[in-house]
Structures are given as structure tokens and as C-alpha cells.
Amino acid sequence: MTVSQRPALLGGRPLAAQPLPIVRPRFPALAEIADDLEQALATGHVTNHGPHVQRFEQRLADMLGVSAVAATNCGQSAVMLLLRAAGVTGGEVIVPALTFSATPHAVAWCGATPVFADVEPGGFGLDPRDAERCITDRTTAILAVDPYGIPCDREALVALGEAHGVPVLFDAAPAFGARWDGRPIGGEGDGSAFSFHATKAFSTTEGGCVSAPAGSTLVARVAVLRNFAQVRGADCDEPGMNAKMTEFAALLGLAQVDDVTRRIDHRNAIAVRYRAALAAVPGLRTAAPPSRATPAWLYYPILVDPTTFGLNRDELVAGLAAERIQARTYYSPACHLLRCYAQPRQRPLPQAEDVAARVVALPVYNDMTVEECDTITAAIRRLHEHAPDVRARLAAIATPPGPSLDPDPDPSPGPDPETAGGVARSTS
Ligand SMILES: Cc1ncc(COP(=O)(O)O)c(C=O)c1O
């Protein structure tokens, strides 16, 4: 075995010539928006529902096939406004345990209690059967999620809500541009919230929006609530917040919105390539979305069986880091085990806990090349092939310093890819 065939952790050359960070946001050149931005800055009309935000909202509504959309300053505020506009000010909101912490946080900030339900066996979305078990007379909404940008099965959840007279809302923060039966998601149930954070396939740096089906008044309510709930001058009938989008964010969105379909299609081609290269690797389960879904693939999740793969998921992540490839363990821990929500009475949620314990989220970019994707899958296969030595090496690194018998103590992990994408982050 030559040095170059060995994993970087064992002294081989890192497979990625350039660091491959977990996300790689790209934005339009400033020149593309410079005239409009300069004009907005010159007039001082930079926020408070300016003309570019209005144009952006119309474009989003056309794209999603809904009658109206309300733009917001971020995804979490969009989820909070969605809940509040649907009437949630207390009670219990059923959420999947497998999601980013922003989902239960939004519920808690609306004065309601998140009640955690499990995800579907073999999938990632909220399990309608387990959600049904959680419904009580205290339930004020079901808030489903599209984890990793994979649309959850909306039909079963909407039917569940209708059967019990409970609003069904979607935290679609990771999934803007995803499709179901070929049509963009966003018009189902009682309403959806999206994020345009820099980690997403479509980004306005920070930003988000709320959409709802035609005929709904929910978006109009969100538009009031995001502006301090002011209705008549400065008077307010209820507590509002400031969640308005800026003109700068809207201009960035307008400059990219025509590219969303291409981006989503490209991400799906990358996911297909990941799957083809990894499905046969012993001990890996690759993500297979529902057949009717076209995900927005924020990341590509794989599940690691340590016994068969030879490494646990943390060892795999460490091995990839040495190859200059940044993978993450989203969404882990599952949200019902976060310190702020864990409680002794919480029942086990085996599916969500299993995913959270074994998942590795691999990078997917709007401009990921097939060579970059192949580098990542080659690194994973190489780590599997050398699993016993990789495990021993990691154990040696973790052992407190003592007399070293290792002839090659430098694993040469290369530059830290954590900040290589330009967005230092600890969020999904
Ligand atoms: C499921 C989910 N909900 C809400 C959010 C919050 O979105 P933002 O970061 O735009 O506030 C995120 C962020 O990634 C998310 O993944």
C-alpha cells in the first residue's frame, strides 16, 4: 500500500486538493444589484416594505403558485409568525424530534409547549401515526419539518390535521424550491415557513418567508405581525415583532430567484451520484426521498452502522476532516434531548434517536462538481477499507500524551475547512 492510497489520517495525502466545507454559498456579484442598491441607499428607503421587497414577494408567490407571500428577516421569525398567525399562543404544538433547534424554539417563543413525535421508520419526516398519538385537547397545531430539505409527506399530515380539527403547518426552512409531484411546496396545509439563510440553496444572507394556500388570510396576518402588529397608525391589537426584510436582502433574492430550479435539479443530480457511489458500501444507509419528492438537499444524509462500516459516525467525520472534507452530524442530538426540552417524562423516540446517533450530513453545493462529489465518496470508501487502522489511529490521538511509539505522529489534516466556505457557523 503506497502512502497516497492510505487515508490522510494514516499518512496519505488528503484526497481533497482544496477544502470542501459543509456549505459553499455563492452570491451574485455586487455589480448585478449595485444600481438598485445605490438608489435605495440614496432615497433612504432601505426597509419597511420597500418596492424591492414587494417585487420579491410577488416573484416568490408566482414561483410557489400561491396568491401571496410575506418576506421576513430570517427563517426562525418566519416559523414564529406562521405559528402566531395560525392562532398559536399557547397549548401544545406537535413537532418532529429530528429537526434543527429553531423548530421547537419557535414554538416555545410563541408561548406553546413543543411535544416531540418520532419520525417515520426508514425516513426522516414526521411520522403521522406517532403525531396522532400525541394529539390531545391541548394540541394547538402540528408543525411538520422538511429535514435536510427533503419534503415530508404533506398529504397524510394534512389529512390528520383535518380529522382532528388541528392546523397543520410546515417548517420548510431547509426546503425552499423543493417539489412534490413536480410542483413547488408551499401551498399545503395552513401555511409554510422558509429560510433564506446563507447555508441554504437560495439565500438572501439572512431572510425567509411565509406562504399559505390561495384564499387564506394567514399571509396578510403575518404581514401585520412582522411589523409590530401595527394596524391603525401606532395602535396594535396584539403583540407583534419586527421581522421585516431589508431592501438589500430582497435585491439579492431577486437577482437569484430565476436560478432556483437549476440549483434544485443540480442538487438532486449530486444526491443521485452520492447514492450510486455509497449505496453498496457495507454499513452505510443512503437517503432515499419519497418517490413523489424532489428535495432541496441542504445536505446529503447517510446513516452509519459502526459494526459493519468499521467506524462510528464521529470517527468517519474525523477521518473526512483529515481529507479536508467537512461533514456534520446534523440533526444531533435529537431535539427532545436538548437540555432546554429534555424532561424525565419524555418517552423514547427510537427512530429519531437512531438517526441522530448515526447520521453524517455530507456537503451539497449549488455548484458542486462531480469530481468534488467523487472525492468525498472515494474518501468514505477509503476510510471504510482502512477502518481498523483509522480507528486505532484516532484512539491513539485521543489518548493523553505519553511515550510515543508511533513512527508518524503527524496526521497532516490540512487546513480547517470549518471556515473555508466563508460562513463560520454552528447552525444548520
Ligand atoms: C428546520 C429549521 N427551522 C428553522 C430554521 C431557522 O432558519 P434561520 O436560520 O433562517 O433563522 C432552520 C435553519 O436552518 C431550520 O433548519
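Each ligand, and each atom within it, is numbered from 1 in the order the structure gives. Basis for what follows: all heavy atoms, side chains included, without hydrogens, waters or symmetry-related copies.
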Donor-acceptor list for residues 217-225 side chains, cut-off 3.5 Å, not counting sequence neighbours:
residue : atom : partner : partner atom : Å
Arg221  : NE   : Ala85   : O            : 3.3
Arg221  : NH1  : Glu238  : OE2          : 2.8
Arg221  : NH2  : Arg84   : O            : 3.4
Arg221  : NH2  : Glu238  : OE1          : 3.4

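- Ligand 1 has an N or O atom lying under 3.5 Å from an N or O atom of Gln76, backbone or side chain.
- Proximity to Asp171 (heavy-atom distance under 4.0 Å) selects the following atoms of ligand 1: 1 (C), 2 (C), 3 (N), 4 (C).
- A side-chain N or O of His336 and one of Glu353 form a donor-acceptor pair less than 3.5 Å apart.
- Salt-bridge formation is detected for the pair Arg59/Asp258: a Lys NZ or Arg NE/NH1/NH2 atom is positioned less than 4.0 Å from an Asp or Glu carboxylate oxygen.
- Below 4.0 Å from some heavy atom of Thr99 lie the following atoms of ligand 1, by number and element: 1 (C).
- Atoms of ligand 1 found under 4.0 Å from any heavy atom of Thr103 (numbered from 1 in listed order, with element): 1 (C), 3 (N).
- For an aromatic pair to be called close, the ring centres must be under 6.0 Å apart, and Tyr148 with Tyr330 fails this.
- Listed by atom number, the atoms of ligand 1 under 4.0 Å from Cys74 heavy atoms are 10 (O), 11 (O).
- Between Lys200 and ligand 1, at least one N/O pair is under 3.5 Å apart.
- Applying the salt bridge (Lys or Arg N to Asp or Glu O under 4.0 Å) criterion to Glu120, with sequence neighbours excluded, gives no partner residue.
- The number of heavy atoms from other shown groups lying within 6.0 Å of CZ (Arg262) is above 12.
- Counting atoms of ligand 1 from 1 in the listed order, those under 4.0 Å from a heavy atom of Pro174 are 1 (C), 16 (O).
- Among the atoms of Glu206, none of the N or O lies under 3.5 angstrom from an N or O of ligand 1.
- Ring orientation note: the planes of Tyr274 and Tyr300 are close to parallel, at an angle under 30° on the 30°/60° scale.
- Residue Ala102 has no nitrogen or oxygen atom sitting less than 3.5 Å from a nitrogen or oxygen atom of ligand 1, judged on distance alone.
- Ligand-side atoms of ligand 1 in range of Ser195: 7 (O), 8 (P), 10 (O), range being under 4.0 angstrom from any heavy atom.
- Each of Lys200, Arg154, Arg179 was scored for a salt bridge (charged side-chain N to carboxylate O under 4.0 Å, His left out) with Asp146, with one residue passing: Arg154.
- Listed by number with element, the atoms of ligand 1 under 4.0 angstrom from any heavy atom of Ala173 are 2 (C), 3 (N), 4 (C), 5 (C), 12 (C), 15 (C).
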